[in-house]
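Just so it is clear, the model here is predicted, and its values are computed rather than measured.
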Amino acid sequence: MYDKIIHLDTVDSTNLYADKLCRSGGGIPLAVVADFQTKGSGRMGRSFHSPEGAGIYMTYILDTENVCTLNLITTAAGLAVAEVLEENCAVSPEIKWPNDILLSTGKVCGILTRLITDGGKIRFALIGIGINVSGRKDDFPEEIKNIATTLEEETGKIFDKEALINKVVVKLNEVFADRKYTEEEIIEKVKKCSAMLGKTVFVKSENREFTALDISSDGGLVVRDGEEIKVIHSGEVEMA
Ligand code: BTN
């Protein structure tokens, strides 16, 4: 069933394309990859800037039958991509909870996971991954110039997108199908490269600042304000 990667020139969004495939009842590929997205979407209803040929826009389709805690899917996917970038691009990625990947000059990768249910049961997780590969910070639209970066901007090198896509798929297979890491190891590794722990963070749903303390065993962000300790599981948390 999981035997191929679908490559598209242009698509609205690889997440939407994968969503339709999963609901169609036909064969399910391992991943959907596109060179260009006309409607790339990000977390919190934002769009994801997806210029033609400049990035990796892909959705990895995970059968949730036998995977780790559902809450950890997105955490584990962030770790997998961070490891691929570290091992292949000579960069030192940090993970900004829940799973943005940062390099020293900004965000290089965003991940958006959607769950597909069937008869009330979660059936697939669509792990949408956008990596800014080539181009410079100045090429981004004004509103994200200061927060986004590319692998080229950071390293001065142009990376082979196909090779990186294959590395990402292999790593995701290792993490999810082969269970390369235990859940505890996933959390420990994510903590080691977390951009947030020990820092002051602004939690939008609370409209106030906390100190980020820890990552919980189910991937939540543990924050403290004085005596009050909370675990944040979703929503927007920014570094203050
Ligand atoms: C974020 O940073 O908010 C998440 C961005 C996720 C972008 C990827 S690109 C491939 C896949 N298709 C989409 O429409 N979004 C994800």
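For the pair Ile129/Val168, a side-chain contact is recorded, criterion being any heavy-atom separation below 4.5 Å from C-beta on. Considering only heavy atoms from C-beta on, Leu79 comes within 4.5 Å of Tyr181 through its side chain. At least one side-chain heavy atom of Ile229 sits under 4.5 Å from a side-chain heavy atom of Val222. For the pair Phe202/Asn207, a side-chain contact is recorded, criterion being any heavy-atom separation below 4.5 Å from C-beta on. Put simply, the side chain of Trp97 reaches to within 4.5 Å of the side chain of Ile215, judged on heavy atoms. Within the 4.5 Å cutoff, the side chain of Val32 has no heavy atoms near those of the Leu126 side chain.
Between Lys167 and Glu162 no salt bridge is recorded (no basic side-chain N to carboxylate O distance below 4.0 Å). Electrostatic pairing of Glu174 and Arg179 does not count as a salt bridge here, judged by no charged N lying under 4.0 Å from a carboxylate O.
Although no hydrogens or angles enter the test, the distance criterion places a donor-acceptor pair under 3.5 Å between the side chain of Thr64 and the main chain of Arg123. For Glu152 (side chain) and Val133 (main-chain N/O), no donor-acceptor pair under 3.5 Å exists by modelled atom type. Side-chain atoms of Thr155 come within 3.5 Å of backbone N or O of Leu151 as a donor-acceptor pair. Using modelled atom types, one side-chain atom of Asn88 and one backbone atom of Val84 make a donor-acceptor pair closer than 3.5 Å. Glu86 contributes no side-chain N or O that, together with a main-chain N or O of Glu83, makes up a donor-acceptor pair within less than 3.5 Å. With Thr59 contributing its side chain and Asn15 its backbone, the two residues share a donor-acceptor pair below 3.5 Å. Panel note: side chain Asp225, backbone Glu228; no donor-acceptor pair is recorded below 3.5 Å. For the pair Ser41 (side chain) and Ser47 (backbone), a donor-acceptor distance under 3.5 Å is absent. The closest donor-acceptor contact from the side chain of Ser24 to the backbone of Cys22 lies at 3.5 Å or more, if one exists at all. In this structure, the side chain of Glu183 does not engage the main chain of Ser217 through any donor-acceptor pair within 3.5 Å.
Donor-acceptor pairing under 3.5 Å is recorded for the side chains of Glu154 and Ser104. For the 3.5 Å distance criterion, the side chains of Thr113 and Thr74 qualify, holding a donor opposite an acceptor. Side chains of Tyr60 and Asn173: a donor-acceptor N/O pair is present below 3.5 angstrom, by distance only.
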Practice item. May I have the step-by-step check of side chain to side chain donor-acceptor pair (under 3.5 Å) for Glu94 and Ser194, ending in yes or no? Key: CA-CA 5 Å; Glu94 289 191 310; Ser194 168; over 6 Å; no
Review point. Please walk me through it: do Ile131 and Leu164 pass side-chain contact (heavy atoms from CB on, under 4.5 Å)?
Key: CA-CA 10 Å; Ile131 306 175; Leu164 280 180; 5.7 Å; no
Practice item. Before giving the answer on side-chain contact (heavy atoms from CB on, under 4.5 Å), spell out for Leu213 and Leu197 the whole-Å C-alpha distance, their side-chain angles and the decisive distance to 0.1 Å. Key: CA-CA 5 Å; Leu213 288 186; Leu197 299 189; over 6 Å; no
Review point. Going through the distances and angles, do Arg23 and Asp118 end up as a salt bridge (Lys or Arg N to Asp or Glu O under 4.0 Å)?
Key: CA-CA 9 Å; Arg23 294 176 198 280; Asp118 182 12; over 6 Å; no
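Taking the ring axis of Phe210 as reference, the NZ or CZ atom of Lys230 does not stay both within 45° of it and closer than 6.0 Å to the ring centre.
Counting heavy atoms of neighbouring residues, nucleotides and ligands inside a 6.0 Å radius, atom NZ of Lys204 does not exceed 12 of them. Around the NZ atom of Lys199, the shell of radius 6.0 Å holds more than 12 heavy atoms that belong to other residues, nucleotides or ligands.
Interatomic distance, OG1 of Thr14 versus CE of Met58, reported as 8.5 Å (0.5 Å rounding). Between the CG atom in Asn132 and the NZ atom in Lys137 there is a gap of 10.0 Å [rounded to 0.5 Å]. In this structure, the separation between CD1 on Ile147 and CG on Leu102 is 10.0 Å, given to the nearest 0.5 Å. Rounding to the nearest 0.5 Å gives a distance of 11.5 Å between NZ of Lys171 and CG of Asp178. To the nearest 0.5 angstrom, Leu21 atom CG is 6.0 Å from Ile61 atom CD1. Here Asn99 contributes atom CG and Thr75 contributes atom OG1; the two are 7.0 Å apart, rounded to the nearest 0.5 Å.
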Can you give each donor-acceptor pair under 3.5 Å made by side-chain atoms of residues 231-240, sequence neighbours left out, with the distance rounded to 0.1 Å?
residue	atom	partner	partner atom	Å
Glu236	OE2	Arg46	NH1	2.8
Glu236	OE2	Arg46	NH2	2.9

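Remark: Glu209 pairs with no residue by the side chain to side chain donor-acceptor pair (under 3.5 Å) rule, at least two apart or across chains. For Asp214, the salt bridge (Lys or Arg N to Asp or Glu O under 4.0 Å) test picks out Lys191, with sequence neighbours left out.
The nearest pair of heavy atoms linking Ala77 to Phe176 is N-CZ, 4.0 Å.
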